[in-house]
Amino acid sequence: MEKIAVYPGSFDPVTNGHLDIIKRASKLFDRLIVAVLHNSSKDSLFTFEERVNLLKEVVKDIDNVEVDCFTGLLIDYCNNKKVNAIIRGLRAVSDFEYELQMAQMNRQLNRDIETVILTTSTKYSFISSSLIKEVGKHKGDISQFVPNNVSKQVYKKLHGRE
Ligand code: COA
């Protein structure tokens, strides 16, 4: 039986930290689905279609990774897709409580789906999508924190040019 994992998130936008988790998780499972939350209530810089397209470009060379989207409960999406595990990245102690609560709630909703938490590589542990947007807003260099295409699109969104 194929082992399938899902890596859910907002990805507004995808960063090198996310990409690091994607690459490492893809080695642990037969298939990895990166699932973008389509959440109309959360203010985002990129539309949900743009976030999906940026991710597709970023993972195009990783054979067993695909990009999808979901609305509603993550666990319902996992049930529909016959997913075995949910992947989350842990950057710092501050992430822990939220991740633990989510993992426990999801486990309560479906005991057959495990949450697998990967510790983020230390060189990416301070990166977040909000900080990328903030640094980009003030025209700082974000190219070392996000994939090339993302860096260009963040600048285009915020300043009308790459
Ligand atoms: N590298 C860099 N940044 C990372 C990261 C990593 N490895 N891991 C997380 N982050 C950052 C993200 O960039 C984001 O930063 P921001 O807050 O500055 O935007 C932040 O951590 C959290 O984002 P993300 O990991 O995308 O999680 P999220 O909180 O946006 O989404 C869901 C979490 C989608 C998994 C969760 O809300 C969900 O499942 N929603 C569906 C509804 C549901 O089922 N709810 C019940 C859950 S029990």
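As the structure lists them, so they are numbered: ligands from 1, and atoms in each ligand from 1.
- Close contacts of ligand 1 with S130, meaning ligand atoms under 4.0 Å from a residue heavy atom, involve 16 (P), 17 (O), 18 (O), 19 (O).
- Counting heavy atoms under 4.0 Å from ligand 1, residue M105 touches it through the side chain alone.
- Contacts with ligand 1 closer than 4.0 Å are made by side-chain heavy atoms of Y98 only, the backbone lying farther away.
- Judged purely by atom type and a 3.5 angstrom limit, N84 uses its side chain to pair as donor or acceptor with the backbone of I4.
- Under 3.5 Å, the side chains of D12 and S10 contain no donor-acceptor pair of N or O atoms.
- When atom types are taken as modelled, the side chain of R91 and the backbone of I127 share a donor-acceptor pair closer than 3.5 angstrom.
- A salt bridge does not link E2 with K82: none of the charged nitrogens is closer than 4.0 Å to a carboxylate oxygen.
- Contact annotation for T15 and ligand 1: only side-chain heavy atoms (C-beta onward) come within less than 4.0 Å of the ligand.
- Shown here is F96, whose CZ atom has no more than 12 heavy atoms of other residues, nucleotides or ligands within 6.0 Å.
- The G17 neighbourhood of ligand 1 comprises atoms 1 (N), 2 (C), 6 (C), 7 (N), with distances under 4.0 Å to a heavy atom of that residue.
- A donor-acceptor pair is defined here as one N or O able to donate and one able to accept, closer than 3.5 Å; no such pair exists between the side chain of S44 and the backbone of T47.
- For ligand 1, the atoms closer than 4.0 angstrom to any heavy atom of I127 are 2 (C), 3 (N).
- An N or O contact shorter than 3.5 Å is missing between N106 and ligand 1 by distance.
- Distances shorter than 4.0 angstrom occur between a heavy atom of G72 and an atom of ligand 1.
- Those atoms of ligand 1 with a heavy atom of P8 less than 4.0 angstrom away are 35 (C).
- In this structure, D12 does not count as a contact residue of ligand 1, since none of its heavy atoms falls inside 4.0 Å of the ligand.
- Taking every non-hydrogen atom of I21 and a distance limit under 4.0 Å, the qualifying atoms of ligand 1 come out as 7 (N).
- With no hydrogens or angles considered, no side-chain donor-acceptor pair links D30 and N64 at under 3.5 Å.
- Taking a 4.0 Å cut-off on heavy atoms, R88 registers as neighbouring ligand 1.
- Nearest heavy-atom pair across L54 and P13 is CD1-CB, 4.4 Å.
- Of the polar atoms of S10, at least one N or O is found under 3.5 Å from an N or O of ligand 1, judged by distance alone.
- At a heavy-atom distance under 4.0 Å, only side-chain atoms of T120, from C-beta outward, approach ligand 1.
- Using a 4.0 Å cut-off between a side-chain N of Lys or Arg and a carboxylate O of Asp or Glu, R88 and D95 do not qualify as a salt bridge.
- In Q101, neither the side chain nor the backbone holds a heavy atom less than 4.0 Å from any atom of ligand 1.
- Judged by distance alone, the side chain of T120 and the main-chain N or O of L90 form a donor-acceptor pair under 3.5 Å.
- Near F70, meaning under 4.0 Å from any of its heavy atoms, are these atoms of ligand 1: 41 (C).
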